[in-house]
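For reference, the structure discussed in these notes is given below.
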Amino acid sequence: NGGPQGAEAESVDDLLKAPTAKQRQLMDAGDELRKLLAEPTTRQSLIAQKFMNKTQNMAQFCPNGSRADCRRVLGSAAAC
């Protein structure tokens, strides 16, 4: 049976727990900084683009590893 005083106390308590304008501004700045840090740099994007598969063909790799290992396993002068 809180009545009007109980509701008033709750609203005052809610106001005291709510972040201030300064705190909200700091949180927004922190969010913006996190977003900026999560974005790749131009250099990172260029490096990734350089190694991207441009022909969309998948290259199959030899299970033997290097060409020398492949020639040795196959007993051949040429690698697969």
Side-chain angles (χ1 to χ4, degrees):
N1 188 0
Q5 286 182 336
E8 190 175 306
E10 283 180 28
S11 65
V12 169
D13 200 35
D14 290 341
L15 283 174
L16 290 173
K17 289 179 185 176
T20 64
K22 180 73 171 175
Q23 287 172 327
R24 281 195 305 268
Q25 185 180 17
L26 288 172
M27 284 189 273
D28 291 344
D31 288 344
E32 184 179 357
L33 184 59
R34 274 188 287 285
K35 286 177 189 173
L36 286 172
L37 290 173
E39 287 292 315
T41 64
T42 303
R43 183 176 183 196
Q44 288 170 328
S45 297
L46 289 173
I47 290 171
Q49 196 173 31
K50 186 165 104 175
F51 288 99
M52 247 187 240
N53 190 350
K54 289 153 185 70
T55 61
Q56 300 300 316
N57 295 333
M58 294 301 291
Q60 200 165 3
F61 292 97
C62 177
N64 299 312
S66 70
R67 290 177 188 227
D69 291 339
C70 182
R71 285 192 294 268
R72 189 171 19 87
V73 169
L74 295 176
S76 171
C80 66

- Task: Return the set of residues passing side-chain hydrogen bond (donor to acceptor under 3.5 Å, both in side chains) with D31 (not counting sequence neighbours), or none when no residue passes.
- Result: R34

- Distance-minimising heavy-atom pair for D69 and N64: CB-O, 3.2 Å

- Step through the shown structure and confirm whether more than 12 heavy atoms of other residues, nucleotides or ligands are within 6.0 Å of CD on Q23. yes

- Item | Candidate pair R43 and L46, rule side-chain contact (heavy atoms from CB on, under 4.5 Å), full reasoning | CA-CA 5 Å; R43 183 176 183 196; L46 289 173; 5.8 Å; no

- To the nearest 0.5 angstrom, please state how far the CZ atom of R72 sits from the OG atom of S66. 7.0 Å

- Between the NZ atom in K35 and the CG atom in L33, the distance rounded to the nearest 0.5 Å is 11.5 Å

- Shortest non-hydrogen contact from M27 to P19? CE-CB, 3.7 Å

